[in-house]
Protein chains: 2
Amino acid sequence: MKRTTIKDVAEAAGVGVATVSRVLSGGSASDETRERVLAVAAHLDYRPSALGRNLRQQRTGGIGLLLPDLTDPLYGGLAEGVLACARSAGEPVLVGSTGGDPEQESELIGMLLEQSVDKVVAVPSGDADTWGPALRTGMTVVFAGERPDEPTEEPVDDLLLLDGLRSRGGDLARAEGGIPTVLADDRSGVRTAVRYLRGLGHRRIAYLGGPGHSRRVSAFREALGPLVDDDLVVFAGGTRDAAYAAASGLFQSRPDLTAVLAGGNQLGEAAVLAARELDLRIPRDLSLVMYDDVPWAELCSPPLTVIAQPARDLGYRAAELVLRAGTRRPRSVLLPTELIVRGSCGPRR
Amino acid sequence: MKRTTIKDVAEAAGVGVATVSRVLSGGSASDETRERVLAVAAHLDYRPSALGRNLRQQRTGGIGLLLPDLTDPLYGGLAEGVLACARSAGEPVLVGSTGGDPEQESELIGMLLEQSVDKVVAVPSGDADTWGPALRTGMTVVFAGERPDEPTEEPVDDLLLLDGLRSRGGDLARAEGGIPTVLADDRSGVRTAVRYLRGLGHRRIAYLGGPGHSRRVSAFREALGPLVDDDLVVFAGGTRDAAYAAASGLFQSRPDLTAVLAGGNQLGEAAVLAARELDLRIPRDLSLVMYDDVPWAELCSPPLTVIAQPARDLGYRAAELVLRAGTRRPRSVLLPTELIVRGSCGPRR
DNA sequence: GTGAAAGCGCTAACAC
DNA sequence: GTGTTAGCGCTTTCAC
């Protein structure tokens, strides 16, 4: 099963390969030639080989997408966004699932490098060490949805708010070693949620977090101010089991808490399950706000009050950024979150 | 930012390029040379370019993955399976999301062709027409999770049951124009569910289906026998809205039905929502069995009784098949389903 | 306007 | 055991 090459087309059309190449990439050629070439190409069902082109041009085109887990609807949505953008640009997308493990992430970066993929959108799991090699090779990378935890998390508003609603000082790029990032506005999302909870009378509010939540946590601390109780800020590993264990442990050790903010949908799931197991009624005994407006939040009983992030947009914008890089100087972007009030929060009992 | 090539390594190691190539692909070389080459390669952080190799070898390697929607946890799980298998084989994966639209599917196939990807795993949306071009070009394709509807659906057990539990006559490959397929055992899954429902006393059982459900429907009809009521078998398009409309319409037009089998998790979601809207209590007024054991099924109230398909395995096995093709003669595979009884079904009232 | 030819990074013959 | 060389399919000078 031999593939039709540019040479075949050239021969069949009685022209040189260069002419075919020109015609197909919109270069100049006499109308007559162009027509003939096009006809022949169509007739032979010719498809230019991306392999040959890319090798020649020293750039693969195509964008890599690395994320922790395709099973999580948040990342699924983000992936859909990336795919949508890539498709409209005619670029193929190479995906890898890291399981939240920096080591696997590192391996996958290696694989992308090997494939000469030089544009990557990632929901990062590793830190600077993991991404160093990629950057050093000249990869264009854009982080989406999350960014690596930083040793010292300074409470600086260093992002450019989307739509120019508000321009903030500085540039995230610097802080990130030059990696543009598309994030949901966690600070505002968390603040809104905390205010809502406080408005309901809650004072003992817990944060149930996962890996990479330093920004959310700092926003949480900031929003809660002097009310923070460090024992009420707990972190779970990346797995469902770890999340459940953390939630269950938290609820058992601190029966005095009256509200929880779950930093992600898997954590929310764990919280619901753990609460049910311990016979804590939501929202009577415990108010719950969950990050991510996944479809089941509405089906849950009671329907869950959530902080919605624009999953798909996160991916779309990141892909845009990575494709535009070089043309436009990439800037980080903050996308708005929304508090969707449903039925999982009640007044402090 | 120039990439290190095999030539650089060769020069730095004082050997020819062929030697480097040999050493790196495990060919023969003297211990001394091998060591030196390896050392130099490591030192230069050399990564062989897949581009060069693939062009030379006339096969891209890498597998394409086409599915309707990454947002659906079923497909997410399937994708994870494919990725896991591909990774252990060191193959990159190119994904495309078709939105269930044959036209987009067709375009994406074209893109894969252009990339010289010759192995693809797909949850197909289109039919023989859509996949013809791919096959004609010599692509190895394996369908997973679903297969194109066939004009005449004959109730023949033409699949090889997994684990040799039971060997069935014939070979799906023929019926599918030679395309091996990895499916969940819908016949048995549906039969089990229907029996369960009938055991509970239900007689007016509806099937809420989506695109590509011909196998499930025929299994449903078979399991229900003379009890089938054609008005109780309804189909929705691929969107959430369509699913909701279908569910709502069904419930309103046929208040006499007492049980529903939703043929997919989005349909199940729609059914729960529509029932709630119409103030039908589950399971008191209406018993529900849903296809796919998604995480939220357990969080729903009441927790949903489901037919679980091994999403991840579906993908993993399909990837295995597509990678092994050529070596082993590909055979279609049926994976078992499981009825997980939770709280969404009750006795006929 | 068009063709010939170089060469992208790699592997597989083929010589030595 | 190792080096030389010829392409894989394509784009891109550079002559004509």
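Every chain is numbered from 1, with letters handed out A, B, ... down the list of sequences. Predicted model only: the values in this text are computed from it and were never measured.
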Distance below 4.0 Å between A/S30 side-chain N/O and C/dT2 OP1 or OP2: yes
DNA chain D: 5'-proximal contact among B/G52 and B/G16 (nearest heavy atom): B/G16
Sugar-phosphate only, base, or nothing, as touched by B/L51 at under 4.0 Å among non-hydrogen atoms: nothing
Distance below 4.0 Å between A/T33 side-chain N/O and C/dT2 OP1 or OP2: yes
Degree of bending in the helix from C/dG1-D/dC16 to C/dC16-D/dG1 once both end axes are built from five pairs, to 10°: 40°
base_contact_polar (D/dG3 base, B/R22 side chain, donor-acceptor, <3.5 Å): yes
Phosphate OP1/OP2 of C/dG9: any B/R53 side-chain N/O under 4.0 Å: no
Any B/Q58 side-chain N or O less than 4.0 Å from OP1/OP2 of C/dT11: no
Below 4.0 Å: OP1/OP2 of C/dT2 and any side-chain N or O of A/T19: no
Residue-phosphate contact under 4.0 Å: A/S49 side-chain N/O, D/dG9 OP1/OP2: no
Residue closer to the 5' end of DNA chain D, A/T5 versus B/D31 (nearest nucleotide): B/D31
Phosphate-side-chain proximity, B/Q57 and D/dC8, N/O vs OP1/OP2 below 4.0 Å: no
